[in-house]
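Right, one structure below, let's go through it.
Computed over heavy atoms, backbone and side chain alike; hydrogens, waters and symmetry mates excluded. Within every chain, numbering begins at 1; the chains are lettered A, B, ... in the order of the sequence lines, protein sequences first and strands thereafter.
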Amino acid sequence: MKAFTYEKPRTAAEAAASAASHPGAKFVAGGTNLLDLMKLEIEAPPHLIDVNGLEFDKIEKLPSGGLRIGALVRNTDLAAHETIRRDYGVLTRALVAGATGQLRNMATTAGNLLQRTRCPYFYDSYQACNKREPGSGCGARDGYNRQHAIIGASESCIATHPSDMAVAMRLLDAEVETIRPDGSTRTIPIADFHRLPGDAPQTDTILAAGELITAVVLPPPLGGVHLYRKVRDRASFAFALISVAAVIQKDGSGRVALGGVAHRPWRVEAAEALLPKGAKAVVEVLLAGARPTPENEFKVKLVERTLRSVLAEAKQAQS
Amino acid sequence: MKARDDHDFNRRDFLITGTAVTAATLLPPKARAQDAVKVPASDPSLMAKVSFKVNGEARELELDRRTTLLDALREHLELTGSKKGCDQGQCGACTVMVGGRRIASCLTLAVMHEGSEITTIEGLGTPEDLHPMQAAFIKHDGFQCGYCTSGQICSAVSVLGEIKAGIPSHATSDLTKPPELTQGEIRERMSGNLCRCGAYSNIMDAIQEVAGGVK
């Protein structure tokens, strides 16, 4: 681990100011991904800003009927929250499908969004990886890519985003609230938050340097049946090969988002109009333009079959 | 027959003495308010001070800022019950409780825990005063090499607390109701604690005995 200086600011303003005065500084909260990357020197921030203890640890109901989730709310607490379980069940399901009890106790809402890919070529400093070292190439493209992206990828990177929570957030049209070093704030729709790799895979999100997530806002509840189906090599504690998040209404309409298939949660609103027509029709639009590799080609069919199963489960739940 | 004299230290005596010495060193050190081990750092500018409570006792450390909580506990405080299995949060051998919640101590820095209340396996029980979960692990032979065991026990105790507190898991069928105390729930919640020896079924037996009334 490379050396760093460390501080624990008492206010968000202090945290933002510290980010401004320490180029390359990183915020740390749960540390469940950052510390892992720091041990491997994939991340080497010269300055760590510990944001634990700042005031963003609450979940509050909004006058609009939506919910503001503080950036520091632990994954365990978010999943267990009564309103989330009752009105945003897909989010609880997604959260508890990920990681382990120990990690969910540490991980935060914001940190979960910001976690980086687990592509083994990204993780291995001896392998070519444009995300880790721009211009070095992509070892996964012609290497082992069974778990990698089937859509939205580029010549320079076929990594996937590993988060389950982010898929549910995308499904729910969440918005990410931030504060920047100059003190200004903004709201970023989750659909815009994560980037596709393009020719700059080293940049995962559209956040500016030193920009701190303060909260994630959810719109009012959708109703309907909430499902998160995660298909993986093990029954627990494994990343998704593919996952399907769905909210299905009584009339068969609804929303669908996919995990494990791209550099960010994958949702195509135009495909959702076809939900009453069934999985095949939806997936034709949802995965239009997909370019799987020979090794991960199976994901295309797997998405369709999983969605079919999810829709059947939703129908069952409604009868 | 030659009479035994004081210098006749035979094999039986050797084994008895050896076992006693080994057993004494394996016993966790009694709680004491003495200084932590001073682990030399290569560069004094890397050092930081941190104070927290471990197993009810206030401890103050001066250490390299990069020291994980796991290394602080093991190397600086000589609480070697918690183990370093993978050092990347994937095996659970480093599981301890902070603020009453189980965490992977290898994935957090000591300096991030100013004022924290930490419980390690040593704080759960002692050979003279075993925690019921420790007693159950012994009774049901819930370990072979013992390396994962500290983490298994800390997790198991936490798992039962998490179910009681109504925290849902992947195994919970109805999110609008409190999770049920079932084998499926325990298995799912223990999935973050790996056991290369494969003592899982006995670990389950031990946890079920302590939980009581598992479906």
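- Smallest separation of non-hydrogen atoms from L46(B) and A3(A): CD2-CB, 3.2 Å.
- Under a 3.5 Å cut-off, the side chain of K39(A) and the backbone N or O of D87(B) do form a donor-acceptor pair.
- For L40(A), no part sits under 4.5 Å from any heavy atom of chain B, backbone or side chain.
- Between the CG atom in L48(A) and the CZ atom in R66(B) there is a gap of 12.0 Å [rounded to 0.5 Å].
- Residue E180(B) places its CD atom among 12 or fewer non-hydrogen atoms of other residues, nucleotides or ligands, all under 6.0 Å distant.
- A salt bridge is defined here as a Lys NZ or Arg NE, NH1 or NH2 lying under 4.0 Å from an Asp or Glu carboxylate O, and D174(B) with R85(A) fails to meet this definition.
- Y228(A) OH to H170(B) NE2: the interatomic distance, rounded to the nearest 0.5 Å, is 10.0 Å.
- Heavy-atom contacts from other residues, nucleotides or ligands closer than 6.0 Å to CD of E7(A) number more than 12.
- Going from atom CE of M106(A) over to atom CZ of R101(B) covers 12.0 Å, rounded to the nearest 0.5 Å.
- The two residues G192(B) and T100(A) come nearest to each other via the heavy atoms CA-CG2, 3.3 Å.
- Remark: Q316(A) CD is loosely packed, at most 12 non-hydrogen atoms of other residues, nucleotides or ligands lying under 6.0 Å away.
- The minimum heavy-atom distance between Y6(A) and R65(B), with the atom names listed, is CB-CD, 3.8 Å.
- A94(A) does not touch chain B: none of its heavy atoms, backbone or side chain, sits under 4.5 Å away.
- For K230(A), no part lies near chain B; criterion is any non-hydrogen pair under 4.5 Å.
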Candidate pair V96(A) and T172(B), rule side chain to side chain contact (heavy atoms under 4.5 Å, CB included), full reasoning: CA-CA 9 Å; V96(A) 297; T172(B) 308; over 6 Å; no

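- One finds the CG atom of D50(A) at 11.0 Å from the CD atom of E114(B) (value rounded to the nearest 0.5 Å).
- When the shell of 6.0 Å around NZ of K53(B) is examined, it contains 12 or fewer heavy atoms from other residues, nucleotides or ligands.
- Minimum interatomic distance between T92(A) and P168(B) (heavy atoms only, all atoms of both residues): CG2-CG, 4.0 Å.
- Atom CD1 of residue I103(B) and atom CD of residue Q102(A) lie 9.5 Å apart, to the nearest 0.5 angstrom.
- Of the two parts of C106(B), the backbone and the side chain both hold a non-hydrogen atom closer than 4.5 Å to a non-hydrogen atom of chain A.
- Taken from CG in L35(A) to CG in L109(B), the straight-line distance is 4.5 Å, to the nearest 0.5 Å.
- With a 4.5 angstrom heavy-atom cutoff, T68(B) touches chain A only via side-chain atoms.
- Of the atoms belonging to T95(B), it is side-chain heavy atoms, and not backbone ones, that fall under 4.5 Å from chain A.
- Counting non-hydrogen atoms of neighbouring residues, nucleotides and ligands closer than 6.0 angstrom, the NZ atom of K26(A) reaches no more than 12 such neighbours.
- Per-residue heavy-atom pair counts under 4.5 Å with chain A were compared for A104(B), A165(B), A171(B), S155(B), and the maximum is reached by A104(B).
- For M1(A), the parts lying under 4.5 angstrom from a heavy atom of chain B are both the backbone and the side chain.
- Under a cut-off of 6.0 angstrom, the local environment of CZ in R86(A) is crowded, with over 12 non-hydrogen atoms contributed by other residues, nucleotides or ligands.
- The minimum heavy-atom distance between S236(A) and S191(B), with the atom names listed, is OG-OG, 2.8 Å.
- Interface check for chain A: of the options E188(B), R189(B), E162(B), M112(B), the most heavy-atom pairs under 4.5 Å are formed by M112(B).
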